[in-house]
Amino acid sequence: DKQDRIHSELNAGFDKWEDRCVKVGGQDVLDDWLAAQENLVYCVMQNFDITTIQAEVEDKKKTGDLDLVFQKYCGLPVNKTRPCIVDFLKASRRCLKTEDQPSLDITLNMINAAIDFMCHNSGDRIAIFMAENGMDCVQEHQEDIMKCVDKSVPELFDKTREHSNIHLMIFSHENCR
């Protein structure tokens, strides 16, 4: 099943990260990273109830008021979540060699750019995307998207290499092409 394959590949990426974390920083660093990961998930769940958001989206889709949903979540919830992301990336930094640590600054910039793009003008871009069934399109084509990523950056999910030069969270001139 497509979902299982995607989850399997993502889990393999997380396993690689954890292995790298122990190798670079030791078990205490991995434990701190796992705690930071748990805190990030909790923070996101505290600020964004997916079930509620989905219900609000479905409800507002009918009236064409999707922008009101995203306006609501692009304010305080996003602002309360940003420090959690920063804390997680700070813990992640300890899992990387010194030369790889600046990649997390790029990661944070990418996250901030994505949030800023989605929340531009109180979320009107994401509202249009949702109104035009953009999520359905992404879900329908997720296998093709994964194939494209795998073809473009094959080392990303290469399970035969213990520590590849690329990882889900390491961005550099070498792998940002």
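Here the side chains of S122 and D67 are not in contact, with every heavy-atom distance at 4.5 Å or above. Proximity of E18 to L34: side-chain heavy atoms (C-beta onward) are separated by under 4.5 Å at one or more points. When side chains are defined from C-beta on, M118 does not count as touching F129, because their heavy atoms never get closer than 4.5 Å.
Here the OG1 atom belonging to T81 is positioned 11.5 Å from the CD1 atom belonging to I111, to the nearest 0.5 angstrom. Interatomic distance, CD of Q54 versus CE of M130, reported as 8.0 Å (0.5 Å rounding). The CG atom of D105 sits 7.5 Å away from the CG atom of L108 when rounded to the nearest 0.5 Å. Distance check, rounded to the nearest 0.5 Å: CG of D32 to SG of C95 gives 8.5 Å. The distance from atom SG of C21 to atom CZ of R94, rounded to the nearest 0.5 Å, is 8.0 Å. Remark: D65 CG to Q71 CD distance equals 10.5 Å, nearest 0.5 Å.
Side chain of T52 to main chain of F48: no donor-acceptor pair is present (N/O by atom type, distance under 3.5 Å, no hydrogens or angles). Without hydrogens or angle criteria, R93 side chain to Q101 main chain gives a donor-acceptor distance under 3.5 Å.
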Set out, in order, the CA-CA distance, both residues' side-chain angles and the distance that settles side-chain contact (heavy atoms from CB on, under 4.5 Å) for N39 and F88, then state yes or no. CA-CA 8 Å; N39 289 338; F88 174 70; over 6 Å; no

- request: Using the side-chain contact (heavy atoms from CB on, under 4.5 Å) rule, take R125 and F70 through it: C-alpha gap first, then chi angles, then the decisive distance, then the call.
  value: CA-CA 9 Å; R125 288 177 177 156; F70 298 107; over 6 Å; no

Apply salt bridge (Lys or Arg N to Asp or Glu O under 4.0 Å) to the pair D100 and R20, showing each step before the final yes or no. CA-CA 12 Å; D100 291 330; R20 177 177 291 173; 5.3 Å; no

- Message: Apply side-chain contact (heavy atoms from CB on, under 4.5 Å) to residues W17 and S92 and explain how you reach the verdict.
- Response: CA-CA 9 Å; W17 178 267; S92 299; 3.8 Å; yes

Check: Would L96 and S103 count as a side-chain contact (heavy atoms from CB on, under 4.5 Å) if you check the C-alpha gap in whole Å, the side-chain angles of each, and the deciding distance to 0.1 Å?
Finding: CA-CA 9 Å; L96 296 175; S103 70; 3.9 Å; yes

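Cluster annotation: I126 and M135 are assigned to the same hydrophobic cluster (Ile/Leu/Val/Met/Phe/Trp/Tyr, side-chain heavy-atom contacts under 4.5 Å, transitive). V44 and V41 are members of different hydrophobic clusters when ILVMFWY side chains are connected at heavy-atom separations under 4.5 Å. Hydrophobic clustering (side-chain heavy atoms under 4.5 Å, transitive across Ile, Leu, Val, Met, Phe, Trp, Tyr) groups V138 together with L66. Residues V24 and L104 are members of separate hydrophobic clusters, defined by side-chain heavy-atom contacts under 4.5 angstrom among Ile, Leu, Val, Met, Phe, Trp and Tyr. Side-chain heavy atoms closer than 4.5 Å link hydrophobic residues (I, L, V, M, F, W, Y) into clusters, and following such links, even through other members, never connects L40 to V29.
Shown here for A36 and A91, the closest heavy-atom pair between the two residues is CB-CB, 3.5 Å.
The local environment of CD in E132 is sparse, with at most 12 non-hydrogen atoms from other residues, nucleotides or ligands closer than 6.0 Å.
Applying the side chain to side chain contact (heavy atoms under 4.5 Å, CB included) criterion to D28, with sequence neighbours excluded, gives D31. Listed by chain and number, the residues in a salt bridge (charged side-chain N to carboxylate O under 4.0 Å, His left out) with E38 amount to none (sequence neighbours excluded). Considering only residues two or more places apart in sequence or on other chains, D87 meets the side-chain hydrogen bond (donor to acceptor under 3.5 Å, both in side chains) condition with none of them. The salt bridge (charged side-chain N to carboxylate O under 4.0 Å, His left out) test applied to D116 returns R82, not counting sequence neighbours. Residues satisfying the side chain to side chain contact (heavy atoms under 4.5 Å, CB included) criterion with K80, sequence neighbours excluded, are N47, L76. Scanning for salt bridge (charged side-chain N to carboxylate O under 4.0 Å, His left out) contacts around K72 gives E56, with sequence neighbours left out.
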